[in-house]
Structure formats: structure tokens, C-alpha cells
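Labels below follow one simple rule: chain letters A, B, ... track the order of the sequence lines, proteins then strands, and each chain is numbered from 1.
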Amino acid sequence: MLSAESLEKINREIAKYPADQKQSAVMSALAIAQDEKGWLATETMNFIAKYLEMPAIAVYEVATFYNMYNLKPLGKYKITVCTNLPCALSGGNVAADYLKQKLGIGFNETTADGLFTLKEGECMGACGDAPVLLVNNKRMCSFMSNDQIDQLLEELRK
Amino acid sequence: MTQPVQIILAGVDPAEPDNWRLRNYLKRDGYVALKKIIANKIPPEAIIEEVKKSALRGRGGAGFPTGLKWSFMPRQYEGDKYLVCNSDEGEPGTFKDRDIMQYNPHILIEGMLIAAYAMGVKTGYNYVHGEIWKTYERMEEAVEEARQAGFLGNKILGSDFSFQLYNHHGYGAYICGEETALLESIEGKKGQPRFKPPFPASFGLYGKPTTINNTETFASVPWIIRHGGEKYLQLGRPNNGGTKIFSVSGHVNKPGNYEVPLGTPFAELLEMAGGMRGGRKLKGCIPGGSSMPVLPGDVMMKTDMDYDSIAKAGSMLGSGAVIIMDDTTCMVKALERLSYFYYEESCGQCTPCREGTGWLYRIVNRIEHGKGRPEDLDLLDNLADNIQGRTICALGDAAAMPVRAMLQHFRDEFAYHIEHKKCMV
Ligand SMILES: Cc1cc2nc3c(=O)[nH]c(=O)nc-3n(C[C@H](O)[C@H](O)[C@H](O)COP(=O)(O)O)c2cc1C
Ligand code: SF4
Ligand code: FES
């Protein structure tokens, strides 16, 4: 169900917690699974439940509670822009509007070519570097002027 | 004028990308405090006494005295105990813990080691904010370096002291910054806060005695042990010992982290941050992260940056996130965005918070969009009354306090919006 490489990563996470507390690795297991599959299908979550010996419902609870899990297929690149107040004071909304215009989509929408999904994010703990955005949960881009956004999109389109 | 000091942010230098590494940390007196404790077999109680003397207060938001918190851990307890670092930094405006972990990760590890030694703890977790993957990876690398060098693991530096440290990566939930929600999250559950009491010192992670501190709190400890609590206290002000990192964001020329002695005048901090962007006028400032009350610019200009002075001025130092707003800022719009945040992040357990944050947001939203009603301002005050102090955790208060303060200081602007259906600025 998951690649050997992903399972190895999950095993490394399990080893961080007491032997009878495998469930503690569920957040990272879901993140690792999402990195491999792009999103969390019910089968994927069921697999993780079995693997961590926990009820499937407890896995769904976690997956639906935390914002960074993808509960349905998204574009190849999920771009999350922070629009919280500190960022908004320094161009967070300008960046968000520019992205909407360039991609021709609103928040929570995906471009027709399936490349990009746009999301509105909350504070990423990087407010001094506003505007900031996150690509696929892992790559943070800082000081995103319109020019920088153009460059990023061009790079991702390649 | 006060100069920035570098105790916690020592080594931050964009030109020296390797400064975070163990070998560089060792050159900055790294692990000297730990070595001193182990070589001199300093008794755990003496360490807690030293931290008490320093007047170090929690840097995560509540400002609780750290030495006192450490003394709550049951000493004679036979089973497992845990130490947890709160690096979930999600309070809008705050970005200091990220820089500590990114540029000086070993200072956090050493601080946690000293705390673990003082409280007789063998296992620790560092809970890292979900959005900062690179920083999480950095922490993983730093922990591995420390392990290989014998600073983490069994029988540290040949003593009887053992401590294992693991990083846990969050995945996007502000509420997990609340300490009991964070524990639930490490246990692999939804991050919903627990009723207190029991407090974590008696019933914490996996039901075991647990102490939780903020990243910056732990990072302050090695210096205190090297130089003594008295000296640390003198860096700041009575009851407000040491230095504090302020994350300055918003309408300034040089947003960023500034580490200064507690008690530094706000006006000097503002100058360090390059002053107001475009030379504009300071309208308002939230001095401690978005959950704290906003203060008018003229009040701020007369305030010093320490716990007691900011409290006297009518707000709280909180996490040390200083959000600067100039005279082009529409306070209705500002509050609308903050209210949306608390509505979005409420975990939904308590009715006053789950329903109340939605009400707050919808009312401020309708005022912002020209659909406000004259009675709305009283309604907002009333709603805030019905949330504050009536919930399991402080997120309810965090949603209510900004509303009250905005109405207290900028009521005219809200009234103008309602009457004229447009913005004053
Ligand atoms: C809604 C909410 C969010 C919080 N977020 C954080 C946070 O991101 N980081 C943090 O250190 N403390 C946060 N806290 C405070 C913690 O509950 C706790 O008081 C703190 O981590 C204790 O550490 P300290 O004594 O070193 O400050 C938050 C509290 C609440 C109610
Ligand atoms: S106050 Fe809000 S966030 Fe805190 S426990 Fe209650 S519902 Fe959850
Ligand atoms: S408000 Fe955008 S990163 Fe903090």
C-alpha cells in the first residue's frame, strides 16, 4: 500500500515513542503517506490504522483535524498563501490576489490543467518575511513580490 | 540607545550558514553549562534555585515563572516523566522560535538537557510548528549531531544522567500551541485541550508528570547556568529578568527579530526595526501577539518592553510579537481578519468559543462590509463577555480580548463604518 521507503520513514517515527504508544506516529505517518500519494484516500488511512494498530476512526479524526492534510486530490502543487494580519500589513493580500489573477482561480480551487491548487493559510511563523507562501507543505517562499511569484510559477510549470 | 544583545540569537549571521552546527556552537561556549553541571555534580535543586533567582518567565505567552514551574515536578516519582518543548509557534506575529531552531538549535538542546537534569527526566519531545519543514529538518540534524557527540543519549559525558530527545512535527493547528492540546497531539489524537486541573506536572504526556516550556524559555537557560541567575536578572528589570526576542512585523522598514534587554523602551525597539515605513504615523500596536489587546500608538511610545510595563499600559507581553500598524490601517478590517482566525482555529469543544468566535467574525465582517447595525458594538462587547473566562482553554479569551481592546481604543472608527458604510482611513 505504501512504498518501502515510506514505511521505513514511518518506522523511524514510531521508534521515537514508547513501544506501547505507536499511535503517536500517526501525524507523521499521514504526512509521509500524503507525500507519496498526493492525498489521503480512505484506503490509505485504513492502511495506516492497521499499521499503527489503532482504530480507523481515530486516524480519520486526526486527518480531518489538522489543516495540512489533503482529504481529496489536489493540483500537483498546492500553494498556501498566508493572509493573516501581520502578513496582510506587508502585502499578503496583494500576493494572494496576484496568484488568483495569474492562475485564474480562487481559494480552494484547482487550475484546469491540474497543476495548481490555491489555499488561504494562517500564520506560518514567518511574518517578518511577508508575503510568504508554502508549496506542498514543505517549501516556504519568502518576500513574494509579484515578480517573485512569476518566477516561482514559471519554475513549477517546467 | 539600547543595543541589541545576542544571548539566544547568538550566531545568527546570514553570512555564516554553518553557524548552527555543533562545532560552531562549541566555540560560542556551547555545552559549557551542561559540562559544568556534570563535572561539579551540581544538585538539581540548586539549578532550579538559580533559575528562580534569574526571574526567567515563560516566553510562550503566559509569562509564568520558569523556576517555580520546574519545582512543581514530583521529585520522588518513580516512573517515567517527560519534558516537552513548545515550538508550535502559531501566534500570529511570532517568528522567533523558528530562528532559534534554524540558527542556534543546540542552545535549545542544551537548555532542555539542563531542565531534564534538574527535574530528573529521561525523555523529551520538541513539538515543531507544521509549516516550517526546513526548520524541523534542521532540528533533526542538530539532535543527531548532539547524539553522536555524546550530549544526548545514555550516560551523558560519562555521568549517570541519560536523556533522549525527539522532534515531533505538527501539521497545521494553532490550538496545538496550547500545552494540553499539544500533549494530546503528541499522543496521536486531535489537538483538543484538556480540562485543568489536573495540570501537566501531575498528569501530562501519556498521563505522566510533564513539564512544558517554550523554545525561547529553554534557550535562555544555558546562559543563566554559565553566568548565574543574579546576572541574568540584572540584564533586565526586577521581576522581568534577562533578554527577550521581539518579532517585529507590519509597517516598519526592517521587520525581524530583535533580542533586547527586558525593559527596553518601545521607541528604541521601533528604531532598531528601522522606524515606521514611509515615515508614517504609528496608529496602533499589538505588543504581544494577535491574542493580546491592541494599544494606541501614543500609549505604546511611552511604554517599556517588559511584562509589568506592558501590563500597566493595558496589554500583555505575550509571545513578544510586536505588530505595528500605521495610520493607513483600517482597524475594522484588521479585527475582521483576526476574528476569522480564531473562528477558523477554535477546536470546537466549548460552546461559547465554538459559537461565539463565529458570531464575532460574522458581526465584524458585516460591519466591514457596510452592513453593520448601530447595536452591533454593544453586541460585540456582550459576546466577548460571554466567551471570556467561560471556556476550557485560553483561545476563547484570545478571541475576545482583541475585540474588546479594539472597541475600547478605536470605537469611533467602528461607529463610522456602521454609520457611513465605509472606511474612515
Ligand atoms: C490558544 C493558545 C495557543 C498557544 N500557542 C503557544 C505557542 O505557539 N507557543 C508557546 O510556547 N506557547 C503557546 N501557548 C501557551 C502554552 O499553553 C504554554 O503556556 C507555554 O507553552 C508554556 O511555556 P512557557 O512557560 O515557557 O511560556 C498557547 C496558549 C494558548 C491558549
Ligand atoms: S476555548 Fe475554544 S479552542 Fe479552547 S478548548 Fe474550548 S473550543 Fe477548544
Ligand atoms: S502572519 Fe503570515 S506568517 Fe505570520
Side-chain angles (χ1 to χ4, degrees), chain A residues 12-13 15-18 20-32 34-35 52 54 58-69 80 82-90 92-93 119-130 132-140 142-143, chain B residues 80 88-99 123 125 129-135 164 166-174 176 185-192 206 247-251 254-257 277 286 290 321 323-326 329 333-335 337-338 340-341 344-345 347:
Chain A
R12 233 178 292 149
E13 293 298 323
K16 292 179 174 178
Y17 308 96
D20 58 347
Q21 300 289 350
K22 272 189 173 177
Q23 178 166 345
S24 284
V26 65
M27 288 178 71
S28 44
L30 286 170
I32 292 162
Q34 177 165 300
D35 283 349
L52 298 178
M54 60 190 281
V59 177
Y60 309 156
E61 278 186 358
V62 169
T64 51
F65 187 84
Y66 298 89
N67 292 331
M68 289 162 68
Y69 295 118
T80 314
C82 176
T83 59
N84 206 311
L85 178 62
C87 275
L89 297 172
S90 291
N93 291 322
K119 289 250 170 199
E120 181 169 37
E122 294 300 346
C123 182
M124 300 173 180
C127 339
D129 307 342
V132 291
L133 55 84
L134 203 56
V135 181
N136 286 347
N137 290 343
K138 289 202 168 157
R139 173 174 170 197
M140 189 180 284
S142 306
F143 303 108
Chain B
D80 294 326
D88 195 35
E89 194 165 61
E91 174 80 358
T94 323
F95 46 96
K96 64 191 175 66
D97 299 338
R98 175 199 64 172
D99 278 7
T123 313
Y125 291 98
H129 192 213
E131 280 84 349
I132 49 173
W133 171 252
K134 227 176 57 184
T135 307
Q164 312 287 343
Y166 305 101
N167 297 300
H168 182 107
H169 191 215
Y171 232 59
Y174 167 65
C176 288
S185 184
I186 298 181
E187 290 181 3
K189 303 175 190 154
K190 291 186 286 185
Q192 290 190 317
Y206 308 127
S247 304
V248 185
S249 67
H251 295 139
K254 290 194 297 180
N257 286 315
R277 204 189 295 157
I286 308 179
S290 70
I323 306 169
I324 304 281
M325 293 175 278
D326 70 18
T329 314
K333 202 175 165 96
L335 182 63
R337 186 59 184 86
L338 290 183
Y340 176 76
F341 171 68
E344 171 71 30
E345 298 293 332
C347 85

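For the atom pair A/Cys123 SG and B/His129 NE2, the distance stands at 6.5 Å (nearest 0.5 Å). Here A/Leu89 contributes atom CG and B/Met325 contributes atom CE; the two are 6.5 Å apart, rounded to the nearest 0.5 Å. Interatomic distance, B/Glu131 CD to A/Thr80 OG1, rounded to the nearest 0.5 Å: 8.0 Å.
Between chain A and the options B/Pro92, B/Ala173, B/Ser290, B/Gly256, heavy-atom pairs under 4.5 Å are most frequent for B/Pro92. Contact count versus chain B (heavy atoms, under 4.5 Å) is highest, among A/Lys138, A/Met27, A/Met54, A/Lys22, for A/Lys138. Of the listed residues A/Asn84, A/Leu85, A/Val26, the one with more heavy-atom pairs under 4.5 angstrom with chain B than any other is A/Asn84. Annotation: maximal heavy-atom pairing with chain A below 4.5 Å, among B/Gly130, B/Ala321, B/Gly90, occurs at B/Gly130. Counting heavy-atom pairs closer than 4.5 Å to chain A, the top-ranked of the candidates B/Gly191, B/Cys347, B/Gly250 is B/Gly191. Counting heavy-atom pairs closer than 4.5 Å to chain A, the top-ranked of the candidates B/His251, B/Gln192, B/Lys134, B/Glu91 is B/His251. Chain A forms the most heavy-atom pairs under 4.5 Å with one residue out of B/Thr94, B/Asp326, B/Asp80, and that residue is B/Thr94. Across B/Asp88, B/Ile286, B/Asn167, the residue that shares the most heavy-atom pairs under 4.5 angstrom with chain A is B/Asn167.
Around atom NZ of B/Lys189, more than 12 heavy atoms belonging to other residues, nucleotides or ligands sit under 6.0 Å away.
Using a distance-only test at 3.5 Å, with no hydrogens or angles considered, no donor-acceptor pair links the side chain of A/Tyr69 to the main chain of B/Gly172. Judged by distance alone, with hydrogens and angles left aside, the side-chain atoms of B/Tyr125 form a donor-acceptor pair with the main-chain N or O of A/Lys16 at under 3.5 Å. Formation of a donor-acceptor pair under 3.5 Å by the A/Ser24 side chain with backbone atoms of B/Ile186 is found in this model. Judged purely by atom type and a 3.5 angstrom limit, B/His169 has no side-chain atom pairing as donor or acceptor with the backbone of A/Ser28. Side chain of A/Gln23 to backbone of B/Gly188: a donor-acceptor contact under 3.5 angstrom is found.
When heavy atoms are compared at a cutoff of 4.5 Å, B/Leu335 does not approach chain A at all. Contacts between B/Thr329 and chain A at a heavy-atom distance below 4.5 Å involve the side chain alone, from C-beta outward. Using a 4.5 Å cut-off between heavy atoms, B/Gln164 makes no contact with chain A at all. The contact between A/Ala31 and chain B is made by backbone and side chain atoms together, counting heavy-atom distances below 4.5 Å. For B/Thr135, no part lies near chain A; criterion is any non-hydrogen pair under 4.5 Å.
Taking A/Phe65 as the reference, nothing meets the ring pair (Phe, Tyr, Trp, His ring centres under 6.0 Å) condition, with sequence neighbours excluded. B/Arg98 is linked by a side-chain hydrogen bond (donor to acceptor under 3.5 Å, both in side chains) to A/Asp129, counting only residues two or more places apart in sequence or in another chain.
Classified by interplanar angle (parallel below 30°, tilted 30° to 60°, perpendicular above 60°), the ring pair A/Tyr17/B/His168 is perpendicular.
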List the steps and the verdict of side-chain contact (heavy atoms from CB on, under 4.5 Å) for A/Asn137 and B/Tyr171.
CA-CA 9 Å; A/Asn137 290 343; B/Tyr171 232 59; 3.4 Å; yes
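With contacts defined as side-chain heavy-atom distances shorter than 4.5 Å, the pair B/Ile132/A/Met124 does not qualify. Side chains of B/Lys190 and A/Thr64 form no contact here, defined as non-hydrogen atoms less than 4.5 Å apart. The shortest side-chain heavy-atom distance between A/Ser90 and B/Arg277 falls under the 4.5 Å cut-off. Taking the side chain as every heavy atom from C-beta outward, A/Glu122 and B/Tyr174 never approach each other to under 4.5 Å.
Among all heavy-atom pairs drawn from A/Pro86 and B/Gly93, the shortest one is CG-N, 3.5 Å.
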